[in-house]
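Data block below; observations after.
Basis for what follows: all heavy atoms, side chains included, without hydrogens, waters or symmetry-related copies. In what follows, chains are A, B, ... by sequence order, proteins preceding strands, each numbered from 1. This structure is a prediction, so every number in the text was calculated from the model and none was measured.
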Number of protein chains: 2
Amino acid sequence: MIKQTQITEESIKVFKALADPIRLEIIKYLSQLDHEVSCGEISQTMQISKTSGSYHFKILQEAGLISVRKVAREKYVILDRSTFDRHLTHFWQNL
Amino acid sequence: MIKQTQITEESIKVFKALADPIRLEIIKYLSQLDHEVSCGEISQTMQISKTSGSYHFKILQEAGLISVRKVAREKYVILDRSTFDRHLTHFWQNL
DNA sequence: TACATAGTTCAAAGATATTTGAACTATATT
DNA sequence: AATATAGTTCAAATATCTTTGAACTATGTA
């Protein structure tokens with residue numbers, strides 16, 4: 001029995017998360033590195049304030065597009081490609 | 001020479017267009033029928049006002065997700081699957 | 001011609017999303 | 001202990017998105 005995704009809040013969250021230039025740049029950056037990066041490093045690279053960074057990471061995380069690992073003071077993020085697959089690559093199957 | 005899509009207004013428009021429950025329902029409906037449908041029929045099916053329908057169709061059209069053919073008084077819409085392919089199925093290639 | 005139908009446009013109102021700086025928590029360093 | 005660093009939270013300001021109804025254009029029909 002294969003789980004069929006509906007048009008859920010989940011899909012909407014994913015597309016909303018993708019519908020912003022800063023967040024797409026973050027995703028692009030993460031996809032090029034393909035390893036964990038600290039939030040601070042990304043904020044610096046994107047030239048955004050830490051507050052703004054924190055906001056965008058929360059949106060990305062709640063959409064399931066990144067996963068987060070906390071190490072002491074720092075937070076490391078990495079793409080969760082399975083979420084991209086589910087909602088983008090397999091868009092028609094899940095509609 | 002293959003054209004490389006940037007993180008452009010175009011991508012943002014597509015994701016913004018997808019980030020709304022009504023528009024996702026419209027897309028779902030169109031994908032099931034797979035033929036031209038009038039705007040009025042969709043508005044009725046979705047139970048939205050014609051003004052609201054007109055607004056959402058414009059968003060979808062400007063994102064390139066539907067194409068439109070005008071026949072006298074009526075407007076017929078159909079999905080443009082190539083845009084979905086470009087931005088969803090081939091998301092990573094175009095990033 | 002008079003009326004109906006399909007869809008658009010406009011501006012106002014309401015709802016959401018984003019940015020900002022200040023204050024905060026928690027950890028690290030001297 | 002004192003200071004610095006990484007990140008969060010909050011509320012206010014701003015920007016953007018969506019809905020609404022009224023007025024509109026264009027076409028079809030009696």
Quiz prompt | Same apolar cluster: Val68(A) and Ile59(A), side chain cutoff 4.5 Å | solution = no

Exercise. Return each pair, listed once, that meets salt bridge (charged side-chain N to carboxylate O under 4.0 Å, His left out) where at least one residue sits in residues 46-65 of chain A; pairs must be two or more places apart or across chains.
Key: none

Quiz item: Atom CG of Asp20(A) and atom P of dA17(C): how far apart are they, to the nearest Å?
Solution: 12 Å

Short heteroatom pairs, N/O only, protein and nucleotides 6-10 of chain C, under 3.5 Å:
{"unit_1": "dG7(C)", "atom_1": "OP1", "unit_2": "Cys39(B)", "atom_2": "N", "d": "3.3"}
{"unit_1": "dG7(C)", "atom_1": "OP1", "unit_2": "Lys75(B)", "atom_2": "N", "d": "3.2"}
{"unit_1": "dG7(C)", "atom_1": "OP1", "unit_2": "Lys75(B)", "atom_2": "O", "d": "3.3"}
{"unit_1": "dG7(C)", "atom_1": "OP2", "unit_2": "Gly40(B)", "atom_2": "N", "d": "2.7"}
{"unit_1": "dG7(C)", "atom_1": "N7", "unit_2": "Lys50(B)", "atom_2": "NZ", "d": "3.3"}
{"unit_1": "dG7(C)", "atom_1": "O6", "unit_2": "Lys50(B)", "atom_2": "NZ", "d": "2.9"}
{"unit_1": "dT8(C)", "atom_1": "OP1", "unit_2": "Lys75(B)", "atom_2": "NZ", "d": "2.5"}
{"unit_1": "dT8(C)", "atom_1": "OP2", "unit_2": "Ser54(B)", "atom_2": "OG", "d": "2.5"}

Quiz prompt | salt bridge (charged side-chain N to carboxylate O under 4.0 Å, His left out) contacts in which one or both residues fall within residues 64-73 of chain A, not counting sequence neighbours | solution = Glu36(A)-Arg69(A)

Exercise. Quick one: list whatever passes side-chain hydrogen bond (donor to acceptor under 3.5 Å, both in side chains) with Asp20(A), sequence neighbours left out.
Key: none

Practice problem: Would you kindly give the CZ-to-P distance between Arg23(B) and dT19(D), to the nearest whole Å? | Solution: 8 Å

Quiz item: Can you list the residues that meet the ring-ring contact (aromatic ring centres under 6.0 Å, His included) rule with Tyr55(B), with sequence neighbours excluded?
Solution: none

Quiz item: Once you round it to whole Å, what is the distance between P of dT19(D) and CD of Gln47(B)?
Solution: 14 Å

Quiz item: Can you find a side chain N or O atom of His56(B) that sits less than 4.0 Å from OP1 or OP2 on dC17(D)?
Solution: no

Exercise. Classify the nucleic acid contact of Ile22(A) as base, sugar-phosphate or nothing, counting any heavy atom under 4.0 Å across all strands shown.
Key: sugar-phosphate

Self-check item: Between dC17(D) (P) and Lys13(B) (NZ): distance, integer Å
Solution: 11 Å

Practice problem: Just say parallel, tilted or perpendicular for the rings of Phe84(B) and Trp92(A), cut-offs at 30° and 60°. | Solution: tilted

Quiz item: Could you give the CD1-to-C1' distance, from Ile48(A) to dT19(C), as a whole number of Å?
Solution: 11 Å

Quiz prompt | End-to-end axis angle, where each axis spans five pairs of the helix from dT1(C)-dA30(D) to dT30(C)-dA1(D), to 10° | solution = 10°

